[in-house]
There are 2 protein chains.
Amino acid sequence: MKETTRQKLIDATFEEVFSHGYQGAALVDILRNAGVHKGSMYHHFSSKKEMALAAIQEKISTRNFEKYSKILQLSSGYLETLLAAFKDTTQRDFKRGCPIANIVQEMSNLDEDFNKTMKLIYEELRRYIKDILDKAIEVKEMRACDTKKLALFITAALEGAILSVKASGNPQEYVDSVEILEDYLRGFIRN
Amino acid sequence: MKETTRQKLIDATFEEVFSHGYQGAALVDILRNAGVHKGSMYHHFSSKKEMALAAIQEKISTRNFEKYSKILQLSSGYLETLLAAFKDTTQRDFKRGCPIANIVQEMSNLDEDFNKTMKLIYEELRRYIKDILDKAIEVKEMRACDTKKLALFITAALEGAILSVKASGNPQEYVDSVEILEDYLRGFIRN
DNA sequence: TATATACTTGACTATTTGGTCTAATTCCAT
DNA sequence: ATGGAATTAGACCAAATAGTCAAGTATATA
């Protein structure tokens with residue numbers, strides 16, 4: 001129970017920032033959605049920024065962990081499972097896009113603290129993908145390659161695909177882009 | 001001379017929005033940088049939003065036209081010139097990223113007018129790339145393929161690559177991603 | 001030159017913003 | 001139970017926000 005007020009704030013802040021961006025996120029709206037009064041908030045956090053950074057970090061790390069860490073614990077089928085994860089659109093929020101990309105775009109060039117935080121989060125995401133690729137190579141599902149670079153490219157292609165849909169409103173475009181990415185990656189499969 | 005006030009506003013607005021986003025762009029700063037008073041601005045534009053949309057549309061359309069339309073006017077070497085344009089980092093502002101991506105991320109899910117405008121601009125960019133690919137196929141530099149889909153993928157990969165750099169601060173990551181994209185596209189070259 | 005139209009000036013307004021402060025309440029160990 | 005600390009409540013504040021307006025000046029055309 002001790003965590004509820006803080007957690008309610010973290011949850012509401014993430015939602016509000018994901019929807020409206022950091023600069024567009026109004027404290028009053030966060031507080032209203034969280035059902036928490038201003039004084040309580042400033043007891044738990046020293047500023048809007050600190051609260052937002054905490055929300056971003058905690059929520060996104062959790063998401064990425066849930067999505068990718070279990071793939072790493074497999075003993076085979078790494079690449080197939082990774083491709084399936086990319087193709088799975090049920091978890092994607094195409095209207096709002098990718099929270100990582102959103103905040104990087106908005107804040108990385110404006111605030112050093114956001115810059116540092118987002119850099120770490122983006123690295124973490126790429127690390128998951130690199131580690132999965134390394135596993136796939138280890139078990140000889142893939143031929144050896146520069147997995148750091150490939151993970152970078154995969155991440156970029158996925159972020160770009162999500163952006164396309166946010167621009168066009170057409171989810172099929174994500175599917176189409178991922179299909180091309182898949183074809184490319186299947187070229188690394190060992191026969 | 002008749003256009004100077006309006007043009008000064010368009011230029012300053014684009015810069016401010018590119019740097020701080022639409023919501024973060026303060027009218028006072030735009031006016032200060034443009035050297036224009038508020039009343040003049042509201043003579044030329046009915047609102048901050050209308051001015052920003054005009055600035056975005058005019059500046060980005062011009063940029064894309066300058067970058068891609070001359071490639072279309074070539075008579076050969078379409079793919080090579082396109083790849084060279086992708087690899088050219090001298091025009092890229094990695095700190096601020098891509099203005100199209102920035103505004104799509106920030107505004108497409110928040111405002112219908114921004115959504116419509118950015119959808120058109122994004123389509124325009126993809127159209128240029130598709131048309132260049134079609135030309136390359138026409139002159140038999142490339143084998144036939146679904147150029148609409150390929151243009152979508154290329155755009156996504158490029159936008160994602162720019163985002164990577166904005167997140168990491170390392171321009172080499174753009175080069176690395178584009179290198180992989182180039183390898184992939186070279187697979188379409190006709191021997 | 002007269003006059004109407006286009007444009008500029010800058011003070012003013014209403015609202016929203018993040019943040020502060022003090023008092024009240026809840027919680028918990030003794 | 002009681003004293004002290006943690007937490008919550010919500011009124012309050014200064015700054016910043018986009019937008020308004022009446023009055024002025026330049027410009028063009030008759």
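Per chain, numbering begins at 1; letters A, B, ... match sequence-line order.
A donor-acceptor contact closer than 3.5 angstrom is absent between the side chains of N102(B) and E106(B).
Atom CE of M51(A) is separated from atom C1' of dT17(C) by 14 Å (rounded to the nearest Å). Atom CG in L31(B) sits about 12 Å away from atom C1' in dT9(C), given to the nearest Å. One atom, CZ of F45(A), and another, C1' of dT20(C), lie 18 Å apart when rounded to the nearest Å. Between the CZ atom of R32(A) and the P atom of dT8(D) there is a distance of 20 Å, rounded to whole Å. Put simply, NZ on K49(A) is 14 Å from P on dG18(C), counting in whole angstrom units. Protein atom CD of Q23(A) is 11 Å distant from nucleotide atom P of dT17(D), rounded to whole Å. Straight-line distance from the CZ atom of R6(B) to the P atom of dA6(C): 16 Å, rounded to whole Å.
The shortest distance between the side-chain N/O atoms of T5(B) and the OP1/OP2 oxygens of dT8(C) is below 4.0 Å. At dT7(D), none of the side-chain N or O atoms of S40(A) fall inside 4.0 Å of OP1 or OP2 (strictly under the cut-off). Of the side-chain N and O atoms in S47(B), none sit less than 4.0 angstrom from OP1 or OP2 of dA18(D).
Across all strands, A25(B) comes closer than 4.0 Å only to sugar-phosphate atoms, never to a base (heavy-atom distances). V28(A) comes within contact range of the sugar-phosphate backbone alone, with a heavy-atom separation under 4.0 Å but no base atom that close.
Of the candidates dG19(C), dT8(C), dT20(D), the closest approach to any side-chain atom of Y42(B) belongs to dT20(D). In this structure, the nucleotide among dG19(C), dA18(D), dT8(D) sitting nearest to the side chain of H43(A) is dT8(D). Here dG10(C) is the nucleotide among dG10(C), dA9(D), dA6(C) with the atom lying nearest to any side-chain atom of H37(B).
Ring pair Y184(B)/F188(B) is perpendicular by interplanar angle, where above 60° counts as perpendicular and below 30° as parallel.
In terms of position along DNA chain C, the nucleotide closest to L27(A) lies nearer the 5' end than the nucleotide closest to the other residue of the pair G39(A) and L27(A).
The side-chain heavy atoms of T13(A) and F45(A), taken from C-beta on, include no pair separated by under 4.5 Å.
Checked by distance alone, K38(B) brings a side-chain donor or acceptor within 3.5 Å of a matching partner on the base of dA18(D). The base of dG19(C) lies outside donor-acceptor range of the side chain of K48(A), with no N or O pair under 3.5 Å.
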- Stepwise side-chain hydrogen bond (donor to acceptor under 3.5 Å, both in side chains) test for S164(B) and E173(B): CA-CA 7 Å; S164(B) 298; E173(B) 295 188 350; 4.7 Å; no
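Remark: K48(B) qualifies as a cation-pi partner of Y22(B) under the 6.0 Å distance and 45° angle criteria applied to the six-membered ring.
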